[in-house]
Amino acid sequence: MHPSARLEPKVEVSRPTADRVRVCLAGDWRRAGVPSLADVETLLRRDDGRPRVIEFDTRELRAWDSGVLAFAARCEELGKEHGVEVRLGTLPEGLQRLLRLARAVPEAREARRGSRRPGLVARVGEAAQATGGFVLDFAAFLGESLQSLGRLVRGRSAMRWGDALHVMQTTGPQALGIVALINFLVGLILAFVGAVQLARFGATMYVADLVAVATVREMGCLMTGIILCGRTGAAFAAQLGTMRVNEEVDALATFGFPPVDFLVLPRLLGLGLMMPLLCVFADLIAIGGGFVVATGLLDLSSADYVQRTLAAITLESFLLGVFKGGVFGLLVALVGCWRGLRCGNTAAAVGQATTSAVVIGITGIIAADGVFAVVTKVLEI
Amino acid sequence: MDPATAPSKIEIRSLTMAYGDFVVMRDIDVRIRAGEVFVIMGGSGCGKSTLLKHMIGLKAPAAGGVYYDGQSYWDADEAGRLALRRRLGVMFQQGALWSSLTLAENVALPLEAFSGLGPADIRELARVKLALVGLRGFEEYLPAEISGGMRKRAALARALALDPEILLFDEPSAGLDPVSARRLDDLLLELRDSLGATLVVVSHELASIFAIADHAIFLDPETRRVRAEGNPRDLMRGSEDPRVREFLTRGSG
């Protein structure tokens with residue numbers, strides 16, 4: 001059929017006798033949508049003597065696609081609802097066969113779902129319950145991880161050390177570049193900001209102290225923790241989440257490998273060991289950044305800077321920073337693995353797991369740092 | 001329409017497929033007639049799915065071309081290709097349903113983008129398509145919440161969304177139990193008969209091949225050419241080629 005010869009699709013509903021509704025379909029109905037059901041519905045709803053039969057006239061129907069099929073299927077349903085007989089015999093042969101096919105499997109009524117939106121109070125309650133469940137779930141996960149660590153100590157763990165070494169490789173040495181860049185810049189910034197303030201009191205030489213103390217106690221481990229949360233925590237969540245989607249985690253469990261031993265423990269150990277080392281590295285680089293600003297712009301001699309730095313750093317604050325780094329590392333690994341293992345089974349769920357791993361991880365790091373600040377103040381470290 | 005005299009719907013002309021320097025198959029010449037069920041068969045890894053990818057525009061040929069109604073796919077510009085692609089319905093091997101959308105949304109998405117219909121029409125069409133594949137009542141389910149066989153059928157419903165003239169299937173019955181596989185074959189034939197579509201099926205399931213194929217080609221990974229062509233039943237009985245007979249009789253002929 002030539003496209004220009006296309007016949008306008010038409011649907012006419014008439015009532016030749018009181019008990020019959022005739023649906024007349026005509027023209028080319030391909031790619032023309034679903035014929036309107038409104039007229040049929042109105043006729044069926046009218047009170048003046050309900051029709052008993054719906055019949056079709058398709059003599060003028062030139063071509064059809066699934067729009068007409070959907071229409072006929074709806075007519076059939078309407079007929080059933082209103083107790084009206086629907087005569088399909090005059091429909092095109094192929095259409096009738098498709099209708100039989102669509103009818104062949106009865107609707108799974110028990111499966112049907114309505115979309116319901118609960119009220120405000122119910123939603124607040126559900127959210128509160130969900131939050132409580134969330135915290136409990138993390139506690140449970142933490143418990144599982146500790147049990148798994150216990151198995152490792154007793155030499156009964158299914159963990160493969162090669163996995164832990166691989167995690168160390170990817171989270172440690174391979175992160176050096178980004179850790180160096182960020183911490184160098186932080187060192188620069190600290191020195192600049194400090195210099196501007198200290199210059200007012202003619203105390204520019206204390207820039208070295210400021211950079212050293214701020215870096216070693218706070219910024220080094222904090223920045224490194226945040227970098228690793230975005231870099232490694234997200235990777236853990238995505239990795240384990242995808243393994244969930246692919247049923248790899250279930251496969252581990254069926255072979256009797258506890259997934260926590262196999263997947264979480266190596267990541268926990270790897271990151272827990274690498275983070276303190278990265279912290280030391282970050283401290284050195286950030287102090288180097290301060291050194292560049294101080295000697296380059298503030299006329300401090302390099303010997304002075306080094307000497308003041310060494311004097312400013314106490315062993316306690318250095319160890320505190322490194323210890324905090326280790327805690328942050330464990331936190332990032334725990335949260336990443338937790339979100340990954342609790343991932344749903346769709347592609348979108350992997351995205352959500354990754355997002356929540358980073359958000360919870362960073363929030364956790366900052367909150368933990370706050371706790372550390374209070375505790376060290378009380379203990380006067 | 002009698003398939004024997006029908007004009008060719010799809011033509012593959014001296015197609016060579018390659019990944020980089022590695023040639024998978026060379027000099028494929030195939031004519032697929034309108035209304036025919038055409039099966040691409042061959043052992044695992046011989047390039048069946050690759051051939052399908054060339055036909056649906058996912059992979060460019062190293063040489064030769066694919067023609068729909070005489071119009072070259074690979075010589076067309078982007079708009080022309082899009083128009084041609086819209087006439088194809090594809091069912092991927094693993095279903096490839098969009099996992100964050102419900103079944104109804106999976107079917108409705110192409111309709112929303114390309115049909116220009118209103119939401120009410122689209123809802124009705126999605127419903128009837130799912131009913132056709134026996135999934136009435138599962139409209140609001142996510143792909144992850146239904147079984148593998150149901151996912152295959154939902155993928156078929158999505159392939160049917162735009163009432164395509166040509167349906168292409170990558171291993172439609174793989175991973176299904178024999179009864180479900182048989183039902184899917186019947187469904188394919190029924191759709192071909194009532195919609196008048198042309199079907200291209202990649203398969204190595206013998207029962208399915210014999211049940212549905214009008215015409216088939218056998219790809220041979222060793223010579224990297226089409227080894228045999230014809231109706232699979234005739235090939236099984238009459239082919240001189242031991243390898244083709246071996247394939248079609250599961251090694252017992």
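Note that the structure is predicted; figures quoted are calculated from it, not measured. In what follows, every heavy atom counts, from backbone to side chain, and hydrogens, waters and symmetry copies are set aside. Here is how names work: the chains are called A, B, and so on, in the same order as the sequence lines, proteins then strands, and each is numbered from 1.
By the neighbour-count criterion of 12 heavy atoms within 6.0 Å, atom CZ of R86(B) is densely surrounded, having more than that number from other residues, nucleotides or ligands. Applying the 6.0 Å contact sphere to CZ of R183(B) captures no more than 12 heavy atoms from other residues, nucleotides or ligands. Atom CZ of R123(B) is surrounded by 12 or fewer heavy atoms from other residues, nucleotides or ligands within 6.0 Å. In E248(A), the CD atom is crowded: over 12 heavy atoms of neighbouring residues, nucleotides or ligands sit closer than 6.0 Å. Heavy-atom contacts from other residues, nucleotides or ligands closer than 6.0 Å to CZ of R52(A) number 12 or fewer.
Considering only heavy atoms from C-beta on, L101(A) stays 4.5 Å or farther from V133(B) through its side chain.
Of all residues spanning residues 47-60 of chain B, none has a heavy atom less than 4.5 Å away from chain A's heavy atoms. The contact list for residues 64-87 of chain A toward chain B, using heavy atoms and a distance under 4.5 Å, reads W64(A), D65(A), S66(A), G67(A), L69(A), A70(A), A73(A), R74(A), E77(A) by residue number. At a heavy-atom separation below 4.5 angstrom, chain A is approached by L162(B), D163(B) within residues 160-167 of chain B. Against chain B, the residues from residues 347-357 of chain A that qualify, each with a non-hydrogen atom under 4.5 angstrom away, are A347(A), A348(A) in number order.
With chain A as partner, the option from S115(B), S100(B), A144(B) having the largest number of non-hydrogen pairs under 4.5 angstrom is A144(B). Counting heavy-atom pairs closer than 4.5 Å to chain B, the top-ranked of the candidates G344(A), A102(A), G94(A) is A102(A). Ranking G196(B), P143(B), A131(B) against chain A, the residue ahead of the rest is A131(B), based on heavy-atom pairs under 4.5 Å.
To the nearest 0.5 angstrom, L101(B) atom CG is 10.0 Å from T346(A) atom OG1.
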Item checked: Residue pair V34(A), I122(B): steps toward the side chain to side chain contact (heavy atoms under 4.5 Å, CB included) verdict -> CA-CA 8 Å; V34(A) 183; I122(B) 288 177; over 6 Å; no
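The part of L117(B) that comes within reach of chain A is its side chain, from C-beta onward, which places non-hydrogen atoms under 4.5 angstrom from that chain.
Nearest heavy-atom pair, D121(B) versus G33(A), reported as atom, atom and distance to 0.1 Å: OD2-CA, 3.9 Å.
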